[in-house]
Amino acid sequence: MPDEEIAARGTQDGAVPAQTLALFRAHRRQHAADRLVVGERWQDPGLVFPSKFGTPMDPDHIDRTWHKIRAAAGLDWLRLHDLRHACATFLLVSDASPRRVMKVFGHSQIGLTMNTYAHVMPRSSAPPWMRLRVRRFL
């Protein structure tokens, strides 16, 4: 997907923060470098997070890498999917609208977002310093 299309989508619905777009652009530059290294062996099915050859990542590799990262951080209890819940909670605490969170997470209905995340941490319970710091990200 061209950068312009990504930027237009982010601007259109507000679902992609500028910092995230910058990270994706840097990631895309790394893909270009990877393509040069592997040459004709590079396959391009249009993945955002491909293997070093452009193919889909092996789920076992992702799992092994995640286990190494969390063990090094002393977070053996943390599941990869927990990061998704943490992000949604973080957005809601920062006063992102539930509809915006719904779009970010690709939920088809606002009820799914509200039933899953809204009760986790009511906005009023977030300390003011956290709201200020998070707003800068959004």
Note to self: Treating Asp63 as the side-chain partner and Pro59 as the backbone partner, does any N or O pair qualify as donor plus acceptor under 3.5 Å?
What the structure shows: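 Not a single qualifying donor-acceptor pair exists.
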
Margin query: Please check this pair: side chain of Asp82 against backbone of Arg79, looking for a donor-acceptor N/O pair closer than 3.5 Å.
Written below: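 Yes: the side chain of Asp82 pairs with the backbone of Arg79.
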
Checklist line | Residue pairs involving residues 42-53 (criterion side chain to side chain donor-acceptor pair (under 3.5 Å); sequence neighbours excluded) | finding: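 Counting only pairs at least two positions apart or across chains, the side chain to side chain donor-acceptor pair (under 3.5 Å) contacts touching residues 42-53 are Ser51-Thr55.
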
Next item on the list: Enter the distance from Thr20:OG1 to Arg25:CZ here, rounded to the nearest 0.5 Å.
Entry: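 The CZ atom of Arg25 is 11.0 Å from OG1 of Thr20, to the nearest 0.5 Å.
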
Check: Can you name the closest pair of heavy atoms from Ala88 and Val101 and give their distance?
Finding: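 Closest approach of Ala88 to Val101: CB-CG1, 4.2 Å.
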
Checklist line | Atom of Pro45, atom of Gly54 and distance for their closest heavy-atom approach | finding: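 Between these two residues, the closest heavy atoms are CD-O, 3.1 Å.
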
Item checked: Results of side-chain contact (heavy atoms from CB on, under 4.5 Å) for Arg99 - residues two or more places apart only ->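 side-chain contact (heavy atoms from CB on, under 4.5 Å) list for Arg99, sorted by chain: Ser97, Met102, Lys103, Ile110.
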
Check: Excluding sequence neighbours, so at least two apart, what forms side-chain contact (heavy atoms from CB on, under 4.5 Å) with Arg84?
Finding: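 Arg84: side-chain contact (heavy atoms from CB on, under 4.5 Å) contacts with His81, Phe105, His107, Tyr117.
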
Checklist line | Connected hydrophobic set around Ile69, excluding itself, where side chains approach under 4.5 Å | finding: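 For Ile69, no cluster forms, as it stays isolated from other hydrophobic side chains.
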
Item checked: Whichever hydrophobic residues join Leu80 through chains of side-chain contacts under 4.5 Å ->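 Met57, Ile62, Trp66, Leu75, Trp77, Leu78, Leu83, all in the cluster of Leu80.
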
Name each donor-acceptor pair under 3.5 Å that joins a side chain in residues 31-40 to protein atoms two or more places apart or in another chain, with its distance.
from  : atom 1 : to    : atom 2 : distance (Å)
His31 : NE2    : His27 : NE2    : 3.1
His31 : NE2    : Val48 : O      : 3.3
Asp34 : OD1    : Gln30 : NE2    : 3.0

